Number of protein chains: 2
Amino acid sequence: MGATKTEHFSPKVNAIASLAKAIGHPARVAIIEYLLKVNTCICNDIVNELPLSQPTVSQHLKALKEAGLIQGEVEGNSICYCINPKAIEKLNNYFGKLSAKISTEHLNCCTK
Amino acid sequence: MGATKTEHFSPKVNAIASLAKAIGHPARVAIIEYLLKVNTCICNDIVNELPLSQPTVSQHLKALKEAGLIQGEVEGNSICYCINPKAIEKLNNYFGKLSAKISTEHLNCCTK
DNA sequence: ATTCTTTATCGTAATATTGCAATATAATTT
DNA sequence: AAATTATATTGCAATATTACGATAAAGAAT
C-alpha cells in the first residue's frame, strides 16, 4: 500500500490530477508566477528568487517539466525555462467547465 | 528536512498551491467529477463509485473538505457532501488570469 | 434495546515528497 | 587547460501521503 492507484482511474482524470499535483506546491506556484512575471527565463534567476537551495529548485523545475507545465531549452551554459501555454490552457479549460456547470445547474443540496 | 517550507511563501501562493494539491490526486478529481455529475451527494454513493476502500475515500473527502473544495452537512445518518463553488471559482479565476497573461504577452524566449 | 447503515478515526505498512550537502556535468571565460 | 558559472544528479534524512483493516460513533430501522 501507499502508492497511488492511478491505474484505476480514467486517463482524463489522471491528466488533471497530475497537472494539479505539479502545481500543488508553493515553490512551484512561485516558479510559474516568476516565469510569467519576467517573461524570460534562466534558472539561476529562479534560484535567487526562491528561499530554497539550488538542488531543491532544480528538483521542482524537473517536476514541473515532467508534468508538462514548463519547457526547458539549453541556451549557452544556462537553461531557458518557460511556461508551456498548452498545459495552463488545459487547466483553464477544465476549471472553466467546472465553473460553468456549477453556475448553471445549481446544486440541489447543501443549500447554505 | 522533508516538510514543505510554506512559511517562506506568500499567502496567495500558498492558497493556490493548497487548492491545487487537494485536486492533485485522481481519486479526488473523480470525487469532484462525481459530485458534479450527480448534482446531489451522499458519501456512500462515492464509496461505491470509486475503486477504493471506505476509509480511504473518507480520508480523501476529508482532504477535500480541509482544502475548502467541498462542504459536508449531516443529513440523517449519512452526510451530504457537495462542491464549494467558491473554491472552484478561485481556481478558475487564477488559471483564467494566467491564460490571459500568456496569450497577450507572448513569451520572448523558448520560441518553439 | 438491538441491529443495521453510514461515516469517521486509529494504527500501521508501503511509498512518495521535500530539502539539502556533496558531487557531477557541461558550456564559458580567462 | 584551468577556473568559473549554471544546472543536474546522487544520496540521504525528515516528513507526508496513500491505502486499508479494525474499530468507533451515531442516527435509523426493526
Side-chain angles (χ1 to χ4, degrees), chain A residues 1-9 13-14 17-18 20-31 34-35 40-67 70-82 109-110, chain B residues 1-9 13-14 17-18 20-31 34-35 40-67 70-82 109-110:
Chain A
M1 308 152 207
T4 294
K5 291 188 159 182
T6 27
E7 69 279 9
H8 294 332
F9 298 94
V13 159
N14 276 309
S18 135
K21 187 178 184 181
I23 298 188
H25 190 288
R28 296 195 291 264
V29 174
I31 287 171
Y34 186 66
L35 285 180
T40 180
C41 36
I42 288 135
C43 175
N44 191 242
D45 288 0
I46 298 172
V47 172
N48 296 333
E49 195 71 10
L50 296 181
L52 295 168
S53 72
Q54 181 270 321
T56 302
V57 172
S58 185
Q59 204 173 247
H60 283 304
L61 286 166
K62 194 182 176 188
L64 285 170
K65 198 177 177 186
E66 277 174 0
I70 64 174
Q71 302 168 314
E73 211 175 303
V74 177
E75 185 95 359
N77 80 346
S78 69
I79 291 198
C80 172
Y81 273 119
C82 63
C109 71
C110 293
Chain B
M1 309 150 203
T4 295
K5 292 188 158 183
T6 27
E7 69 280 8
H8 294 333
F9 298 93
V13 159
N14 275 310
S18 135
K21 188 179 183 179
I23 299 188
H25 189 289
R28 295 194 292 264
V29 174
I31 288 171
Y34 187 66
L35 285 180
T40 181
C41 37
I42 290 137
C43 174
N44 190 243
D45 289 358
I46 298 170
V47 171
N48 297 333
E49 195 72 11
L50 295 181
L52 295 167
S53 73
Q54 182 271 320
T56 302
V57 172
S58 186
Q59 204 172 246
H60 283 304
L61 286 167
K62 193 182 177 190
L64 285 170
K65 197 176 178 186
E66 276 173 4
I70 64 174
Q71 302 168 314
E73 212 173 303
V74 177
E75 186 97 0
N77 79 348
S78 70
I79 291 197
C80 172
Y81 273 119
C82 63
C109 70
C110 294

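Quick caveat: nothing in here was measured; it's all calculated off a predicted structure.
- Phosphate proximity of C:dT17 to A:His60: absent, as no side-chain N or O sits under 4.0 Å from OP1 or OP2.
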Identify all side-chain donor-acceptor contacts of residues 21-28 of chain B below 3.5 Å with residues at least two apart in sequence or on another chain.
from	atom 1	to	atom 2	distance (Å)
B:His25	ND1	B:Ala27	N	3.0
B:His25	NE2	A:Thr4	OG1	3.4
B:Arg28	NE	B:Ala22	O	2.6
B:Arg28	NH1	B:His60	ND1	3.0
B:Arg28	NH2	B:Lys21	O	3.4

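- Closest approach to the A:Lys5 side chain among C:dT15, D:dA19, D:dA8 is made by D:dA19 (side chain taken as heavy atoms from C-beta onward).
- Residue A:Leu64 contributes atom CG, which lies 13 Å from atom P of C:dT17 at whole-angstrom precision.
- Nucleotide C:dT18 holds its P atom 13 Å from the CD1 atom of A:Ile23, rounded to whole Å.
- OP1 or OP2 of D:dA8 has at least one side-chain nitrogen or oxygen of A:Ser58 nearer than 4.0 Å.
- A straight line from CD of B:Glu7 to P of D:dT15 spans 13 Å, rounded to a whole angstrom.
- In this structure, B:Thr56 does not reach the D:dT18 phosphate: none of its side-chain N or O atoms is under 4.0 Å from OP1 or OP2.
- Applying the 4.0 Å criterion to OP1 and OP2 of C:dT6, one finds that B:Tyr81 has every side-chain N and O outside that range.
- In this structure, CG of A:Leu52 is placed 11 Å from P of C:dA21, rounded to the nearest angstrom.
- When the nucleotides D:dT9, C:dA8, D:dA19 are ranked by their closest atom to the side chain of A:Lys62, D:dT9 comes out on top.
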Protein-proximity profile, nucleotides 22-30 of chain C, B/S/- by nucleotide at the 4.0 Å heavy-atom cutoff, equals B----BS--
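- Taking only distance into account, the side chain of A:Gln59 never meets the base of D:dA8 through a donor-acceptor pair shorter than 3.5 Å.
- In this structure, B:Pro51 and A:His8 approach most closely via the heavy-atom pair CG-CB, 3.3 Å.
- Atom pair A:Ile46:CD1 and D:dT5:P shows a separation of 20 Å (rounding to whole Å applied).
- Applying the side-chain contact (heavy atoms from CB on, under 4.5 Å) criterion to B:Lys62, with sequence neighbours excluded, gives B:Glu66.
- Annotation for A:Tyr81 and A:Leu61: closest pair CE1-CD1, 3.8 Å, computed over non-hydrogen atoms.
- Residue A:Asp45 contributes atom CG, which lies 15 Å from atom P of D:dT5 at whole-angstrom precision.
- Rounding to whole angstrom units, CG of residue B:Asn14 and C1' of C:dT18 are separated by 15 Å.
- For the side chain to side chain donor-acceptor pair (under 3.5 Å) test, residues two or more places apart in sequence or in another chain that qualify with A:Thr56 are A:Ser53.
- The structure places OG of B:Ser58 at 12.0 Å from CG of B:Leu52, a figure rounded to the nearest 0.5 Å.
- Side-chain proximity of A:Arg28 to D:dA8, D:dA16, C:dT18: nearest is C:dT18.
- Listed by chain and number, the residues in a side-chain contact (heavy atoms from CB on, under 4.5 Å) with A:Gln59 amount to none (sequence neighbours excluded).
- In terms of heavy atoms, B:Phe9 sits closest to B:Asn14 at O-ND2, 3.1 Å.
- At the heavy-atom level, B:Thr4 lies under 4.0 Å from the strands shown only through sugar-phosphate atoms.
- The side chain of B:Ile79 sits closest to C:dT7 out of D:dA16, D:dC20, C:dT7.
- Residue A:Gln71 contributes atom CD, which lies 17 Å from atom P of D:dT7 at whole-angstrom precision.
- Using a 4.0 Å heavy-atom criterion, one finds that A:Lys21 contacts the sugar-phosphate atoms exclusively.
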